[in-house]
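See below for the structure under consideration.
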Amino acid sequence: MRDTNRQFRLAKRPEGKPDRETFELAETDVPEPGPGEALVRTRYLSVDPYMRDRMSAGESYADPWDVGDPLRGGAVGEVVDSSGAEFEGGDIVVGNLEWADYTTAPGTELTAVDPDLAPISTALGVLGMPGRTAYFGVREVAEPKPGDTFVVTGAAGAVGSVAGQIAKLSGARVVGFAGSDEKVSFLEDDLGFDAGINYKATDDYRAALDEAAPDGVDAYFDNVGGPITDAVFTKLNVDARVAVCGQISLYNATERPTGPRKLPGLISTRARVEGFLVRDFAPRFGQATKRLGEWVASGEIEYRETITEGLENAPDAFLGLFEGENIGKQLVKVSDPDE
Ligand code: NAP
Ligand code: FER
């Protein structure tokens, strides 16, 4: 148990790309749980692309933080004081916690994690929000069929790496865009993708697709947007489905981008382009987590984590998402058991 608490706050709203100045680390007292609340010691916290949206004041699916607010997000922790909450000391829980050593939270907003089922960090990745996003985005929105060509961008990341494997299990030919040769070999050699494209090694995404997806694209799971997506749109087949999951290449843009300019093609293809939020599937989260757990246990789905050590390095872990520094789920390890 630490004597004091450390907590990251939003120091200022970023213009364009956030940097270290966006964050402020404050020392506070360890908070006291109120009635029905638990005191949770953070073990792992998740950094996610959507947090960039919360740093800006504009309208978004994600509520903006105010300057001075503690940063928050998905985290796994250990209950150290359960006064009033239905948990016991030592229980592992997942919830929306502060980027801090300790957070108090209503017991009703915490979910138990079974440490015997899988490493507890997976509750933030393959068996957590990103895994569920891949599960519903592929099965309910992109809907790959046997023999289809399925393309995913951000393919070596938390969502993309799982989405591609689920599409593969559906019998599709799977092609992934990622930002390094190391990531492409992860896709092809470890995850069983049919082809990977290192988009940083070429400007001609259309030519890369001509080679990797010679029969065109039937299902597209878009995590990044921008020029790669423009190129994929030119390869869509009749009745293709596009699942708009994320647009990370645009999250730091200071001006609203023009386009997409590839919409005329949708007339001939009658393709469906559909955005989605994982929360829309909340009533079925249990089903998704169970299925993902079975796939992980059987080895049909593999997962990777990139773990940054130390709460003080959480900003670097977050900023690294925009530079492609992570393979698989980016996490921050905040404490060890028995510390
Ligand atoms: P992630 O893919 O693990 O990390 C982000 C990755 O994006 C980086 O590793 C980087 O890989 C890639 N990237 C960064 N800048 C890029 C650029 N300019 N162009 C192309 N690729 C770029 O993150 P994640 O948590 O799995 O999220 C993936 C996407 O899904 C994000 O867009 C996120 O907002 C979205 N998402 C949506 C929902 C939903 O409910 N709709 C839920 C979760 C996540 P490279 O090395 O390949 O560049
Ligand atoms: C993301 C993570 C989560 C994201 C959106 C969400 C578009 C939203 C989830 C929800 O509210 O259901 O990176 O980017």
Side-chain angles (χ1 to χ4, degrees), residues 16-18 45-56 60-63 72-74 96 124-126 128-138 140-142 151-166 175-187 193 196-203 205 220-232 242-253 257 274-285 288 303-308 317-332:
K17 244 185 203 184
L45 67 82
S46 171
V47 289
D48 291 86
Y50 76 90
M51 293 168 177
R52 173 63 188 84
D53 248 56
R54 299 202 66 182
M55 293 172 178
S56 296
S60 164
Y61 58 88
D63 285 341
R72 278 185 167 270
N96 195 262
L124 299 172
V126 64
M129 185 277 283
R132 292 190 292 261
T133 302
Y135 181 90
F136 290 111
V138 172
E140 305 286 333
V141 192
V151 173
V152 55
T153 46
V159 174
S161 59
V162 179
Q165 292 181 84
I166 295 174
V175 177
F177 279 86
S180 70
D181 289 341
E182 185 193 1
K183 290 184 180 187
V184 166
S185 34
F186 169 59
L187 301 179
F193 281 41
I197 297 169
N198 175 359
Y199 73 90
K200 290 189 179 165
T202 178
D203 289 332
Y205 308 135
Y220 175 38
F221 193 106
D222 187 14
N223 284 315
V224 310
I228 302 177
T229 290
D230 287 347
V232 179
V242 176
V244 183
C245 176
Q247 299 279 287
I248 193 170
S249 76
L250 305 173
Y251 292 174
N252 291 321
E274 183 176 339
F276 74 98
L277 284 171
V278 64
R279 78 173 78 138
D280 300 337
F281 300 94
R284 291 155 64 197
F285 279 180
Y303 69 93
R304 188 82 74 94
E305 297 170 334
T306 300
I307 298 184
T308 297
F318 171 75
L319 298 171
L321 294 172
F322 299 91
E323 312 300 331
E325 283 169 13
N326 59 306
I327 297 193
K329 176 62 198 158
Q330 177 68 56
L331 297 169
V332 180

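Counting starts at 1 for both ligands and their atoms, in listed order.
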CZ on F318 to CG on L45, rounded to 0.5 Å: 12.0 Å
I need the minimum non-hydrogen distance between F193 and A155, along with the two atoms involved. CE2-CB, 3.9 Å
One residue to check: M129. Relative to ligand 2, which of side chain, backbone, both or neither has a non-hydrogen atom less than 4.0 Å away? side chain
Sidechain-backbone polar pair: T308 side chain, V332 backbone, donor-acceptor under 3.5 Å: no
Who's the nearest protein heavy-atom neighbour of atom 12 (O) of ligand 2, and how far? R279 N, 2.6 Å
Can you tell me which residue and heavy atom of the protein come closest to atom 10 (C) of ligand 1, and the distance to 0.1 Å? G324 CA, 3.5 Å
So is Q247 touching ligand 1 or not, going by heavy atoms under 4.0 Å? yes
Nearest non-hydrogen contact with atom 17 (C) of ligand 1 belongs to which option: A156, G328, S249? S249
Element-labelled atoms of ligand 2 that are located less than 4.0 Å from some non-hydrogen atom of C245: 7 (C)
Check whether any heavy atom of Y251 sits under 4.0 Å from an atom of ligand 2. yes
N/O separation below 3.5 Å, G179 to ligand 1: yes
So between N223, N198, D53, whose heavy atom ends up nearest atom 31 (C) of ligand 1? N223
Top protein contact for atom 2 (C) of ligand 2, by heavy-atom distance: Y50 CD2, 3.1 Å
Atom 6 (C) of ligand 1: which protein heavy atom is closest, and how many Å away? L321 O, 3.8 Å
Identify, for atom 5 (C) of ligand 2, the protein heavy atom at the shortest distance, and state residue, atom and that distance. Y61 CE1, 3.4 Å
Quick one about Y220 and T229 (side-chain donor to acceptor, distance below 3.5 Å, no hydrogens or angles considered), yes or no? yes
Just one of V175, N223, V232 clears the side-chain contact (heavy atoms from CB on, under 4.5 Å) bar with V152, so which one? N223
Assess P130 for proximity to ligand 1: is some non-hydrogen atom of it under 4.0 Å away? no
Give a yes/no on ligand 1: does Y199 have at least one heavy atom closer than 4.0 angstrom to it? yes
Kindly confirm or rule out an N or O of A158 lying under 3.5 angstrom from an N or O of ligand 1. yes
Specify the protein heavy atom at minimum distance from atom 15 (N) of ligand 1: its residue, its atom name, and the distance to 0.1 Å. F322 O, 3.7 Å
Among all protein heavy atoms in this structure, tell me which lies nearest to atom 9 (C) of ligand 2, with the distance rounded to 0.1 Å. V278 CG1, 3.6 Å
Closest to atom 8 (C) of ligand 2 among protein heavy atoms sits L277 CD2, 3.5 Å
Tell me: protein heavy atom nearest atom 44 (C) of ligand 1, and distance? V159 CG2, 3.8 Å
Between T153 and D222, is any side-chain donor less than 3.5 angstrom from a side-chain acceptor? yes
Using a 4.5 Å cut-off on heavy atoms from C-beta on, say whether the side chain of N326 contacts that of L321. yes
For I197, does its backbone N or O pair with a side-chain atom of K183 as donor and acceptor, under 3.5 Å? no
Short version for K183: what comes under 4.0 Å of ligand 1, heavy atoms counted, is side chain
Answer side chain, backbone, both or neither: which part of K329 comes under 4.0 Å from ligand 1, heavy atoms only. neither
Using distance alone, determine whether D280 and ligand 2 share an N or O pair under 3.5 Å. no
Can an N or O of C245 be found at a distance shorter than 3.5 Å from an N or O of ligand 1? yes
Basic-acidic side-chain contact under 4.0 Å: K200, D181: no
With the side chain counted from C-beta on, respond yes when F281 and Y135 share a heavy-atom pair under 4.5 Å apart, and no when they do not. no
Region of V224 that comes within reach of ligand 1 [heavy atoms, distance under 4.0 Å]: side chain
Given that the side chain starts at C-beta and the backbone is N, CA, C, O, which of these parts of T133 lies under 4.0 Å from ligand 1, counting heavy atoms, or is it both or neither? side chain
With the threshold set at under 4.0 angstrom, would you say S180 reaches ligand 1 through any of its heavy atoms? no
Looking at ligand 1, does any of its N/O atoms fall within less than 3.5 Å of an N/O of Y61? no
Could you tell me whether a side-chain N or O of S185 sits under 3.5 Å from a main-chain N or O of E182, the two making a donor and an acceptor? yes
min-distance protein heavy atom vs atom 4 (O) of ligand 1 -> N326 ND2, 3.4 Å
For atom 34 (O) of ligand 1, state which one of Y251, F276, Y50, F281 supplies the nearest heavy atom. Y251
Heavy-atom closest pair (P18 atom, N252 atom, distance to 0.1 Å) is CD-OD1, 3.2 Å
Quick one: look up the protein heavy atom nearest atom 27 (O) of ligand 1 and list residue, atom name and how far away it is. P49 CG, 3.7 Å
Sub-4.0 Å heavy-atom approach of E325 to ligand 1: no
Tell me whether E305 contacts the main-chain N or O of K329 through its side chain, where contact means a donor paired with an acceptor under 3.5 Å. no
Contact summary for P227 and Y205, nearest pair of heavy atoms: O-CD1, 3.7 Å
